[in-house]
Amino acid sequence: MILLIDAGNTRIKWRLLADASAPAALDEGALGHDGIDALGQLRTRHPGPLRVVGSNVAGTDVADRITAALAVNAVEWLCPTQHACGVRNLYDIPGQLGADRWAALIGAHHTHAQACLVVTAGTATTADLLSADGDFLGGLILPGVDLMQASLARGTAQLPLAEGRFVPQPRCTVDAIRSGCLHAQAGAIERMFRQIATERGALCLLGGGAADSFAGLLDIPLRRIDNLVLCGLAVIAGLHSPNA
Ligand SMILES: Nc1ncnc2c1ncn2[C@@H]1O[C@H](COP(=O)(O)OP(=O)(O)OP(=O)(O)O)[C@@H](O)[C@H]1O
Ligand SMILES: CC(C)(CO)[C@@H](O)C(=O)NCCC(=O)O
Ligand SMILES: [K+]
């Protein structure tokens with residue numbers, strides 16, 4: 001069995017596959033950082049030899065806790081390089097790129113082998129340009145929707161942390177905040193997409209826990225796709241992704 005793990009700053013997403021030819025996941029789920037120990041139950045439910053391949057952007061403590069909870073000798077944590085699985089990393093320092101972004105780019109290239117904007121809306125939002133040839137050209141990092149809203153509440157006297165709605169012409173504070181943060185996400189994504197808009201088959205692939213909050217605002221060719229990081233990890237692990 002192979003366990004794929006996407007350890008993010010808010011949640012740990014995981015998917016268990018039987019073997020290289022398995023068409024579907026045996027099991028999958030997501031956990032908060034305080035629920036990492038529950039990964040141990042996975043071993044009880046699915047006993048047997050286990051290979052674990054993961055990406056982690058949540059720090060070494062989270063990585064160590066995952067390894068301990070699974071009671072495995074080692075997890076193969078992805079380290080972004082200059083080339084992998086048909087994707088070329090043009091970051092100035094390839095290893096500086098987040099492992100989740102690298103895995104998602106590899107998943108994207110194997111899902112849609114044309115120009116893509118790969119967007120993950122999690123704790124942070126990232127919007128990464130990928131050419132049809134598999135070149136990762138560069139990308140944006142911005143605060144995710146919740147983090148944007150929380151930073152306004154934290155940094156001001158008069159702005160609350162409250163639930164507003166998206167409206168075209170906000171006329172109260174909470175709607176102004178919510179609408180501003182969603183426009184910021186959608187606007188950044190649409191502006192980034194302009195760089196590939198004229199390329200054949202150009203598509204924005206959008207995933208992450210906050211994706212649905214602004215997906216409807218995007219006026220670009222769009223495919224909602226969750227777990228692109230796990231798809232990429234499956235490719236990296238030498239498997240065919242069950243979502244591909
Ligand atoms: N069920 C949900 N409903 C609405 N928003 C959600 C939900 N779950 C997560 N989110 C939003 O998504 C964000 C977290 O997304 P997700 O769990 O995909 O990423 P993450 O674990 O933080 O990963 P990364 O660190 O890679 O960003 C939260 O900040 C929150 O805004
Ligand atoms: C940007 C995040 C937080 C997105 O999860 C992660 O990919 C990360 O910590 N990246 C390292 C810095 C970079 O990608 O340039
Ligand atoms: K993210």
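We number each residue from 1, following the sequence as shown. Counting convention: from 1, in listed order, for ligands and their atoms alike.
- Atoms of ligand 2 found under 4.0 Å from any heavy atom of Asp100 (numbered from 1 in listed order, with element): 4 (C), 5 (O), 6 (C), 7 (O).
- A salt bridge does not link Arg178 with Glu163: every distance from a Lys NZ or Arg NE/NH1/NH2 to an Asp or Glu carboxylate oxygen is 4.0 Å or more.
- Within ligand 2, the atoms closer than 4.0 Å to a non-hydrogen atom of Gln96 are 11 (C), 12 (C), 13 (C), 14 (O), 15 (O), numbered from 1 in the order shown.
- Listed by chain and number, the residues in a ring pair (Phe, Tyr, Trp, His ring centres under 6.0 Å) with Tyr91 are Phe136 (sequence neighbours excluded).
- Those atoms of ligand 2 with a heavy atom of Asn9 less than 4.0 angstrom away are 3 (C).
- Annotation: salt bridge (charged side-chain N to carboxylate O under 4.0 Å, His left out) contacts involving residues 195-223, sequence neighbours excluded, comprise Asp212-Arg224.
- Salt-bridge check for Asp175 with Arg171: failed, with every basic side-chain N at 4.0 Å or more from each acidic carboxylate O.
- In summary, the atoms of ligand 2 found under 4.0 Å from a heavy atom of Leu97, numbered by their order in the structure, are 14 (O).
- The Gly98 neighbourhood of ligand 2 comprises atoms 7 (O), 10 (N), 11 (C), 13 (C), 14 (O), with distances under 4.0 Å to a heavy atom of that residue.
- Polar contact with ligand 2: present for Arg101 (N/O pair, distance under 3.5 Å).
- Side-chain contact between Leu31 and Leu39 is present, with heavy atoms from C-beta onward closer than 4.5 Å.
- Atom numbering of ligand 2 starts at 1 in the shown order; those under 4.0 Å from a heavy atom of Tyr91 are 13 (C), 14 (O), 15 (O).
- Annotation: His183 is not in aromatic contact with Phe214 [ring centroid separation under 6.0 Å not met].
- Among Thr126, Asp6, Thr123, Val57, the residue whose heavy atom lies nearest to atom 9 (O) of ligand 2 is Val57.
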